[in-house]
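What follows is a set of notes on a single structure, which appears directly below.
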4 protein chains.
Amino acid sequence: MSPKQWEVVYAGRMSAAAKQTGRAAPRGRMDKRQAILAAAFDVFARRGYAQAGVDEVAAEAGVAKATVYNHFGDKETLLREAIAASAEEATAKNLAAVERLVDSGGDPRELLEDVGFRLIQCYCDEQSWALRRLLYAELAHLPDLLEIVQVRASARVRQALADRLARLALAGRLRITDPDAAVEQLSALLTGPLEARAEWGTRRLSAAEMRQVATAAIDTFLHAFGSRA
Amino acid sequence: MSPKQWEVVYAGRMSAAAKQTGRAAPRGRMDKRQAILAAAFDVFARRGYAQAGVDEVAAEAGVAKATVYNHFGDKETLLREAIAASAEEATAKNLAAVERLVDSGGDPRELLEDVGFRLIQCYCDEQSWALRRLLYAELAHLPDLLEIVQVRASARVRQALADRLARLALAGRLRITDPDAAVEQLSALLTGPLEARAEWGTRRLSAAEMRQVATAAIDTFLHAFGSRA
Amino acid sequence: MSPKQWEVVYAGRMSAAAKQTGRAAPRGRMDKRQAILAAAFDVFARRGYAQAGVDEVAAEAGVAKATVYNHFGDKETLLREAIAASAEEATAKNLAAVERLVDSGGDPRELLEDVGFRLIQCYCDEQSWALRRLLYAELAHLPDLLEIVQVRASARVRQALADRLARLALAGRLRITDPDAAVEQLSALLTGPLEARAEWGTRRLSAAEMRQVATAAIDTFLHAFGSRA
Amino acid sequence: MSPKQWEVVYAGRMSAAAKQTGRAAPRGRMDKRQAILAAAFDVFARRGYAQAGVDEVAAEAGVAKATVYNHFGDKETLLREAIAASAEEATAKNLAAVERLVDSGGDPRELLEDVGFRLIQCYCDEQSWALRRLLYAELAHLPDLLEIVQVRASARVRQALADRLARLALAGRLRITDPDAAVEQLSALLTGPLEARAEWGTRRLSAAEMRQVATAAIDTFLHAFGSRA
DNA sequence: TATGAATGAGTATTCATTCAT
DNA sequence: TATGAATGAATACTCATTCAT
C-alpha cells in the first residue's frame, strides 16, 4: 500500500472541527498530530513496533523527531494512540456493516449473506490485518491494548450484531435462544476460514472468494439457527 | 514456563537412536543445540523477536553467546528454526488428537465433542499461543515463515481431519459432500470463539469453558452436517 | 561541505590566527567536528585503523560515540576525512617550504640546502610519519585514499617544486632540461635516506642529522644539475 | 598475484631436509608449518594484520584453526614469523642482484644500470610491496619488527652494496670516499621515485619504466661519483 | 510548538584463544 | 599433532530520548 493511499485512508480521521470548517481551516495544529498518527500506524504496521524507528515515523510524517516527542511523550504512547485511532476507524466500518442487518420480511438468508460479506470485507482490509498483527505481537507486552481491542472494538461489534440477531429472532426469522452464543458461532464461521485462505494477511482475497466464504458460513449458520431448522 | 518443563517438552525431540539406547547416546553435541532452540523459543515468545536479546537466549540455554552463533549463524535463522521446531511439536499434538476420530458405531456427537475438546486444548496451550503470536508478528517481515505454518503445520492437520470426516461420512455417520469445506467450518467453529474468550492468549481457559466451546461447535456442526440433519 | 570550506576550516586549526582575530565567531557547531577529526587522526595514528575504537576517538574528542556517527556516518568515512584533513595540512607546510625557493642571485647551493632542510623537516614531522603509516597500511583496502595522497598532496608539492626549479634554470642557476625529472631526483635524494635513518618513523632525527642529509642530497643534485656541472 | 603464484613463491621456502630428499619426502610435518606461514603472509598482505582472521589463514592453509595455534602460539607470533620468512626471501633476491656488481673493466655505467634495474625489480615485486605495507602498518605496535627489516634485511643489502662500490672505487671506476654515503645516495635515487610511480604499490610498473628509473638514477649517481666527474 | 544536535544505554556480531578428544 | 566446539572480550553501529534555541 502506497503512502498516497494511506493519506486517503487517514483523511477520514480528521477532527470533527476540521471537517466542519470545510477542509483544513485551522491548520498548523491538529494537522501535524494527525500526520504523525497516520505515519506511526503505517510504519508500525510495516516494520513492527520494535523494528520501527521514531526517526522513520517522523520522516514519513514530515516533522522533526523531537516534534513526535512533543506530541506523544514516548514511543509506547505513540503506538497506543495510533492503534486506538485505527481500531476506532475499523470498528466504525464494522458497525456500519452490522447496521444493514434489518428485517425486510421473508427469508433472511440473502440479508445475512450480504452483511456477512461486508464484515468479511472489513476483516480482510489491509489496515485490519495490520491492526491484528500489531495487537497479536504486542498484546503480551502491553496488556492494556486488550481494552482497546476488546472493549472498544470487538465487543461493540458483537453487541450490535447480537442486538440485530435478537430482533430477527423476535420477528420469527431465526430460531435463537441465546443471541450471544449465536453471534459467537456466526463470527467464528465468517472469520475463521479467512486466516488460512488469506495466508495470514499476506494474500489478497478476491471478492468472489469472500462471497463464497460468506455463503458457506451463512448456510451452516442457518442450519443451526434458521427458523425452519 | 520453567526450564524443567521445557526439557520434558523437548525430550520428544531426541533422535530415535537416543531413545533406544536409553540415555541419549550421541550426547554432548545435540544437547546444546536443543537447549538453545528451547531457550530461543521461550525468550522470543516472552519478549517478542526484536526485543529479545541473543544474550538472553544464550544465558537461558546455559551456553555462551558465541555458541549460539556457531550453531545458527544469526538471530533470524535462530527464530526460524525455533519456530519450525515448535510448530512441528504442536502439529504432532494436533495430529494425535485427530487420530482419535474413528467411528465406533452409533451417534458421532460424543466422539466429535471429545476430539473437538482435545483440539481446543492444543489450540489453547501456552506454547501454541506463543507460536501464533510470533507468527503473526513476524510473518510480514519473514514471509517464508508462512511455509512452516501453512504447509508443514496447518495444512497437515486439516488434511488429516478431512480424511477422518470423509470416513465417517462413508460410514453414514455424517452427511458431507465436500470434506474440505466441512473441515473449514468445523475448524472455524472450534477455534473462532477462542480468540475472544481467551482474550488473545492472555487469559487461561478452564476445561469447562473449553468443553462448552466444543459442545456448541459440534452442535452447530451437526446441524449442518449430521446424518439426521 | 565543499573542499573550499575545508581549507578555510583547517587554516583555523592553527588557532593562533583564529584566536587573534577575535572570539571564534562561528563556534558551537564546527568545533565538535574539528575535535572529532583531530582526535580521530590521533587515535588512528597511534593504534592503526582497525585497532582503533570509535569509542576511543569519541572519548578523546570529548563527545559521545553517537555524535561521531552523526557527523561521519561510519568509521571508514571518519578515517578518510581525518586523513584528508591531515594531508591538506601537511601539504600546506610543504608548499610553504617550497615557496622559499626564489633566486637571490649567485650560487643556489645554500638556498637549495635551506629548502631541502625544511622539506626534510616536514617529512620527519611526527604527523607526517603517522600519515604515511596510515596510508601505507590502508591503501590496499581503501584505494580512493590514493587520490588524496597523490593528486591533492604529493603532486601539488612536486608541481610547485618543478616550477621553482624551472625558474632557477631559466635564470641560469641550474642546468635542467626536464624539471619533472629533476624534481624526481631531488625528492628521492632528500627523502630516500630518511626511511632508514629515522628507522621508519620510530626514531627522532636531530636537526644536525637532517641538515646533513640535506647537504648530501643537494651536493649530489648539484653535481648532476648545477650550472657548472 | 594469484594464489597459485604464491604457492610457487613459497615452494622455495621448503626446509633444507625437504630439499635434500628431493621433493617432499618427509611430508606430514614441516609441510603444514610452511603452508601456514605462506597462507599467513598471503592473508596478512591482502587484509592487513588486524583485519585478517586466523580462521582465514587456517582455511587457506588447509588446516584447522587450532593447528595454527599449536604451531605458533598466537597471532602476533604468526605475523612475526611470516614477515621474517618473507623478508629473508626478499633479502636473498636483493643480495643476488648486488652480487652481479663486479668490475668487468671499463665504464661501469652499464653494469650499474643493470644492477640498479634488478634492484628496482626486487623492490617492485608484489611480495615486496606487501612486506613494506605490513611493516609500515605494524612497526608502531610491534617495534621488534624493526630488527627484522633493518638488521636482517635492509642493512645486509646496504652493506653488500657498499662493499661492491668500495671495490669499484678501489679499481678506479668510481670516485668514492665514503662508500656508505654513496650507497645511501644510490639507494635513494633507485627506490625514491618508485613510490609515486607505482602509486604506492597499487600499480604495476612496466620493465621499460623500471629501466628508465634505473638509467636516470645511475646518471645522477655517476655525475656525483663517476671517476670522470 | 518545532527543531537540530547530542547522548547513554543497548545489541548483533566477530574473533583470538582454549579445551576435550 | 590435529581438530571441532566452546567461549569471553571486544566493537561498530543504532535508537529512544533529551536539551538548547
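Chain letters run A, B, ... following the sequence lines, proteins first, then strands; residues in each count from 1. Note that the structure is predicted; figures quoted are calculated from it, not measured.
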Point-to-point distance, once rounded to the nearest 0.5 Å, from NE2 of D:His71 to NZ of D:Lys32: 7.5 Å

Trace of the side chain to side chain donor-acceptor pair (under 3.5 Å) decision for D:Thr67 with D:Asn70: CA-CA 5 Å; D:Thr67 304; D:Asn70 283 339; 4.9 Å; no

Given F:dC15, F:dA2, F:dG4, the nucleotide with the shortest approach to the side chain of D:Ala66: F:dG4

Phosphate-side-chain proximity, D:Thr67 and F:dT3, N/O vs OP1/OP2 below 4.0 Å: yes

Heavy-atom closest pair, residues B:Glu60 and B:Arg46: OE1-NH2, 3.0 Å

Stems formed with participation of DNA chain E [Watson-Crick or G-U wobble, under 3.5 Å, three or more pairs]: E:2-21 with F:2-21

Nucleotide E:dT1, atom P - distance to CD of A:Gln34 in whole Å: 16 Å

Flag side-chain contact, heavy atom, 4.5 Å: B:Leu135 against A:Tyr136: no

Rounded distance in Å - CD1 (B:Ile36) to P (F:dT7): 9 Å

Shortest non-hydrogen separation from B:Leu131 to B:Ala87 and the atoms involved: CD2-CA, 3.6 Å

Value in whole Å for how far the C1' atom of E:dC15 lies from CG of D:Leu78: 14 Å

Close N or O pairs between protein and nucleotides 10-12 of chain F (under 3.5 Å):
unit_1	atom_1	unit_2	atom_2	d
F:dA12	OP1	C:Ala52	O	3.1
F:dA12	OP1	C:Lys75	NZ	2.9
F:dA12	OP2	C:Val54	N	3.0

Atom-to-atom span, CD of D:Glu56 to C1' of E:dT17 - whole angstrom: 18 Å

B:Asn70 (side chain) and F:dA5 (base): donor-acceptor pair under 3.5 Å: no

Heavy-atom pair with the smallest gap, counting every atom of C:Glu138 and C:Tyr49: OE2-CB, 3.5 Å

Value in whole Å for how far the C1' atom of F:dT17 lies from CD of A:Glu76: 14 Å

side-chain contact (heavy atoms from CB on, under 4.5 Å) against B:Asp55, all qualifying residues, sequence neighbours excluded: B:Lys65

Separation of atom CZ in B:Arg47 from atom P in E:dA12, rounded to whole Å: 12 Å

For atom CZ of A:Phe72 and atom C1' of F:dT18, their distance in whole Å: 18 Å

Aromatic A:Phe72 / basic A:Arg33 pairing, under 6.0 angstrom, 45° off normal: yes

Residues A:Glu147 and A:Arg80 bridged, charged N to O under 4.0 Å: no

Under 4.0 angstrom between C:His71 side-chain N/O and E:dA5 OP1 or OP2: no

